[in-house]
Amino acid sequence: MTSAEGTESLVRREVRSPRSAAIAGILFSLLIGASMILLRSGAVVEPIEIDVEWLDAQSSAVAVVLVLVPFAGIAFLWFTGVMRDLLGALEDKFFATVFLGSGIILVVMMFVWAAAYGAMFGTYQTVAGAANDFDVIIYATAFANQIMGSYMLRMASVYMLSIGSLWTRTKVVPRWLTIVTYIVAIPFLIFAGALRWARFLFPAWVLLVSIFILILNYRYNREHEGDEELTLEA
């Protein structure tokens with residue numbers, strides 16, 4: 001093996017490392033979870049709650065969220081890419097396309113959701129005391145609520161269903177993790193906008209998968225010398 005081939009093999013092994021998916025998934029879960037908590041009640045605000053006091057109280061929280069969400073999106077894309085790479089040649093093109101597409105749409109919806117709040121508070125800060133009604137702000141809030149409840153969570157459901165189908169076909173993860181994935185994903189698809197607390201389930205699912213990968217990687221490194229390719233199968 002030439003030096004160039006050896007370097008390429010080493011880089012390939014590092015890219016395929018499950019630790020990349022685990023770290024990215026944990027980072028995404030923490031960032032998006034913190035963003036939802038900062039925006040109260042699972043990231044959904046009732047328009048009736050909006051007044052000057054609420055806007056003043058939430059301004060600093062929204063400023064933090066606008067910083068966190070882009071990094072959450074980057075971490076999620078990294079998580080998705082490494083999860084696809086781990087399947088390798090076993091990946092089914094149909095489900096892989098749905099998985100990748102839903103992941104990209106999910107990140108776009110996440111950015112739109114954060115941008116809606118950014119525009120809302122940016123407008124309020126621009127007009128400051130000149131605001132005599134909150135119609136635009138209420139509209140932006142309702143828009144953000146729809147993005148989160150009706151679209152973002154349903155894309156999360158499609159994301160989980162597609163990766164669950166890939167796991168079922170390839171058997172690269174234990175059956176219990178696939179079952180948990182389906183149990184979380186199906187209610188999302190049907191009741192996405194009705195269950196406010198359910199908005200935390202998707203970050204929790206990503207965190208569960210990430211921790212599982214991290215534990216499995218640690219166990220594998222303890223039992224092997226690292227010269228065999230790692231899969232997710234327990």
Side-chain angles (χ1 to χ4, degrees), residues 21-45 65 68-87 91-92 94-117 142-169 173 176-213 232:
I23 294 170
I26 292 171
L27 185 61
F28 163 78
S29 301
L30 295 177
L31 292 176
I32 197 64
S35 300
M36 290 181 178
I37 292 171
L38 286 171
L39 289 178
R40 298 177 53 192
S41 304
V44 172
V45 179
V65 169
L68 296 181
V69 169
F71 291 101
I74 294 169
F76 185 74
L77 287 176
W78 187 271
F79 173 82
T80 299
V82 178
M83 291 298 291
R84 285 194 64 201
D85 193 60
L86 285 168
L87 293 171
E91 186 179 60
D92 180 274
F94 174 78
F95 286 108
T97 301
V98 177
F99 175 65
L100 178 61
S102 59
I104 293 174
I105 294 173
L106 182 61
V107 171
V108 172
M109 292 294 100
M110 190 190 314
F111 289 170
V112 172
W113 168 72
Y117 278 105
F143 176 77
N145 290 349
Q146 286 296 317
I147 289 293
M148 171 61 74
S150 298
Y151 297 95
M152 186 173 163
L153 289 182
R154 285 191 169 92
M155 283 299 100
S157 174
V158 173
Y159 184 88
M160 289 186 286
L161 289 172
S162 56
I163 192 61
S165 300
L166 287 169
W167 287 344
T168 300
R169 287 169 171 261
V173 301
W176 67 265
L177 186 56
T178 304
I179 293 173
V180 168
T181 298
Y182 283 126
I183 290 174
V184 174
I186 293 174
F188 263 23
L189 196 61
I190 303 172
F191 306 110
L195 302 176
R196 178 173 298 186
W197 57 268
R199 287 156 176 78
F200 293 101
L201 286 181
F202 181 66
W205 173 82
V206 175
L207 184 62
L208 173 65
V209 173
S210 301
I211 292 174
F212 169 76
I213 294 173
L232 296 180

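Since the model is a prediction, treat every value here as computed from it, not as a measurement.
Residues F79 and M83 form a side-chain contact, since some pair of their non-hydrogen atoms from C-beta on lies under 4.5 Å apart. Between I105 and Y151, the closest side-chain pair of non-hydrogen atoms is not below 4.5 Å. F143 has its side chain within reach of V112: a pair of non-hydrogen atoms, C-beta onward, lies under 4.5 Å apart. No side-chain heavy atom of I163 sits less than 4.5 Å from a side-chain heavy atom of T178. A heavy-atom distance below 4.5 Å is found between the side chains of Y182 and S165. Proximity of L208 to L177: side-chain heavy atoms (C-beta onward) are separated by under 4.5 Å at one or more points. When side chains are defined from C-beta on, W167 counts as touching V209, because their heavy atoms get closer than 4.5 Å.
Taking each heavy atom of A156 and L106 in turn, the nearest pair found is N-CD1, 4.1 Å. Considering every non-hydrogen atom in both A185 and S157, the closest pair reads O-OG, 2.7 Å. The two residues I32 and A72 have their closest heavy-atom pair at N-CB, 4.2 Å. Residues V65 and P70 come closest through the heavy atom pair O-CD, 4.5 Å. Across all non-hydrogen atoms, the minimal contact from S102 to S162 is OG-OG, 4.2 Å.
Distance check, rounded to the nearest 0.5 Å: CZ of F212 to CH2 of W176 gives 6.0 Å. Note: L189 CG to I186 CD1 = 8.5 Å, rounded to the nearest 0.5 Å. L161 CG to T168 OG1: the interatomic distance, rounded to the nearest 0.5 Å, is 10.0 Å. For the atom pair I147 CD1 and M109 CE, the distance stands at 5.0 Å (nearest 0.5 Å). Distance check, rounded to the nearest 0.5 Å: CH2 of W205 to OG1 of T181 gives 5.0 Å. Note that OG of S35 is 11.5 Å distant from OH of Y117, once rounded to the nearest 0.5 Å.
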Requested in this report: Decide yes or no on side-chain contact (heavy atoms from CB on, under 4.5 Å) for V69 and W113, but give the supporting numbers first.
Outcome: CA-CA 9 Å; V69 169; W113 168 72; 4.0 Å; yes
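The aromatic rings of F28 and F202 sit perpendicular, their planes meeting at an angle over 60°, well past the 30° parallel limit.
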